[in-house]
Amino acid sequence: MADRSRRLQALLEILAARGGRLSVAEGAAALQVSEATVRRDFTALAEQQLVTRTHGGIVAGSVAYDLPVRYRYRGDRSTKERIAATAAGLVEPGSVVGLNGGTTTSATARHLAARHLAARPELAQATNRPALTVVTNALNIATEMVLRPSVRTVILGGVALPQSYELTGPLTSMVMQSLWLDVLFLGVDGFSTDGTSCHDESEAGIDALMVSRARQVVVVAGSEKLGRHSFAKICDASAVHTLVTDDAADERIVADLRTAGVTVLLA
């Protein structure tokens with residue numbers, strides 16, 4: 001397995017499947033790579049604070065690996081990673097960033113944390129603010145972000161949905177109504193000139209509130225979600241400032257969204 005990002009994700013999945021503990025030898029055998037490669041990969045995971053290094057292996061440092069089915073790998077992971085990396089590059093030091101739940105927003109959160117603005121404490125000192133403030137209603141994102149010492153993590157209260165790890169309900173709304181976001185990374189199930197949408201009406205309500213409290217709204221979505229409508233509407237296309245998608249996006253749909261005033265970035 002030559003692609004390092006795929007190896008790292010595979011190692012996390014193996015770690016979860018084996019009860020949160022994995023040795024170098026086990027990792028090398030599972031991926032059919034050298035033990036030296038696995039040691040380097042373990043070090044990379046530890047540097048991102050996703051695992052804890054032990055003598056001869058790693059142990060899980062977070063409960064975020066055992067995710068619901070909708071969060072597990074589907075489709076082209078490299079495409080999702082490109083979208084997430086491009087989106088993360090839009091954030092300035094000291095920003096307040098909102099993220100709803102979803103596979104692409106989860107990837108975006110990890111890229112945000114891995115970037116220098118979330119990893120270097122001197123940036124927080126220079127701005128007299130945290131290097132990054134993350135506001136989310138997704139339990140898995142909050143669990144990963146709270147491990148980063150330069151990131152202030154704000155989790156919205158509410159009722160947890162077991163199928164998505166997202167918090168919804170009156171408590172979630174009450175907290176969100178008292179906050180402002182510099183930028184919101186919005187994961188969706190559909191995006192067209194008619195607006196954004198998702199499968200669950202309770203999630204759509206919280207997402208819409210997050211949109212209304214954000215100075216900039218960035219939709220992160222694979223090209224397969226463009227031109228589609230899902231069950232519950234989140235917001236009009238006019239509320240979205242930027243779409244980050246992959247370069248397989250239909251040119252006609254991209255042109256229509258740009259005409260509607262949406263800046264489209266192809267990753």
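Positions are given from 1, in the same order as the sequence printed here.
Minimum interatomic distance between Gly101 and Ala138 (heavy atoms only, all atoms of both residues): CA-CB, 3.8 Å. Residues Glu224 and Arg228 approach most closely at O-CD, 3.0 Å, considering heavy atoms. Minimum heavy-atom separation, Val262 to Phe191: CG2-CZ, 4.2 Å. Thr86 and Ala267 get closest at one heavy-atom pair: OG1-CB, 3.5 Å.
Using a 4.5 Å cut-off on side-chain heavy atoms (C-beta onward), Leu257 and Leu243 make contact. With contacts defined as side-chain heavy-atom distances shorter than 4.5 Å, the pair Leu209/Gln177 qualifies. Annotation: side chain of Leu11 is in contact with side chain of Leu45 (closest heavy-atom distance under 4.5 Å). Taking the side chain as every heavy atom from C-beta outward, His229 and Ser192 approach each other to under 4.5 Å. Under the 4.5 Å side-chain criterion, counting only non-hydrogen atoms from C-beta, Val24 is in contact with Phe42. The shortest distance between side-chain heavy atoms of Leu265 and Thr242 falls below 4.5 Å. The side-chain heavy atoms of Met210 and Ile234, taken from C-beta on, include no pair separated by under 4.5 Å. Annotation: side chain of Leu266 is in contact with side chain of Thr245 (closest heavy-atom distance under 4.5 Å).
Exactly one of Leu15, Thr52, Leu22 qualifies for a side chain to side chain contact (heavy atoms under 4.5 Å, CB included) with Val59. That residue is Thr52. Residue Arg215 forms a side chain to side chain contact (heavy atoms under 4.5 Å, CB included) with just one option from Leu184, Asp182, Val183, and that option is Asp182. For the side chain to side chain contact (heavy atoms under 4.5 Å, CB included) with Val135, the qualifying choice from Val154, Leu99, Thr153 is Val154, the only one to do so.
Under 3.5 Å, the side chains of Thr108 and Thr105 contain no donor-acceptor pair of N or O atoms. In the model, Thr263 has no side-chain atom that pairs as donor or acceptor with a side-chain atom of His241 under 3.5 Å. No hydrogens or angles considered: a donor-acceptor pair under 3.5 Å links the side chains of Ser106 and Asn140.
Looking at Glu26, its side chain does come within 3.5 Å of a backbone N or O of Ser23 through a donor-acceptor pair. No donor-acceptor pair under 3.5 Å is formed between the side chain of Asp41 and the backbone N or O of Leu8. Side-chain atoms of Thr133 do not come within 3.5 Å of backbone N or O of Val96 as any donor-acceptor pair. In terms of modelled atom types and a separation under 3.5 Å, the side chain of Glu166 and the main chain of Asn137 share no donor-acceptor contact. Not a single donor-acceptor pair under 3.5 Å links the side chain of Arg53 to the backbone N or O of Ala46. Remark: side-chain polar atoms of Ser95 are not paired, donor with acceptor, to backbone N or O of Val91 under 3.5 angstrom. Arg258 places a side-chain N or O within donor-acceptor distance of the main-chain N or O of Val264, the cut-off being under 3.5 Å. A distance-only check finds no donor-acceptor pair linking the side chain of Asp236 to the backbone of Gly195 [under 3.5 Å].
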Exercise for review: Walk me through it: do Phe185 and Val97 pass the test side chain to side chain contact (heavy atoms under 4.5 Å, CB included)?
Suggested key: CA-CA 7 Å; Phe185 290 112; Val97 180; 3.5 Å; yes
Point to revise | Chi angles and distances behind the side chain to side chain contact (heavy atoms under 4.5 Å, CB included) call for Arg152, Met145 | key: CA-CA 8 Å; Arg152 176 170 58 183; Met145 294 302 100; over 6 Å; no
Exercise for review: Applying salt bridge (Lys or Arg N to Asp or Glu O under 4.0 Å), run through Lys233 and Asp194 and close with a yes or a no.
Suggested key: CA-CA 9 Å; Lys233 183 174 182 177; Asp194 293 327; over 6 Å; no
Review point. Taking it one step at a time, do Glu201 and Phe231 satisfy side chain to side chain contact (heavy atoms under 4.5 Å, CB included)?
Key: CA-CA 8 Å; Glu201 71 280 3; Phe231 173 66; 3.6 Å; yes
Practice item. Evaluate the side chain to side chain contact (heavy atoms under 4.5 Å, CB included) criterion for residues Val240 and Cys235: first the C-alpha distance (whole Å), next the side-chain angles of each, then the deciding distance (0.1 Å), finally the verdict. Key: CA-CA 8 Å; Val240 177; Cys235 67; 4.1 Å; yes
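Salt-bridge check for Lys80 with Asp246: failed, with every basic side-chain N at 4.0 Å or more from each acidic carboxylate O.
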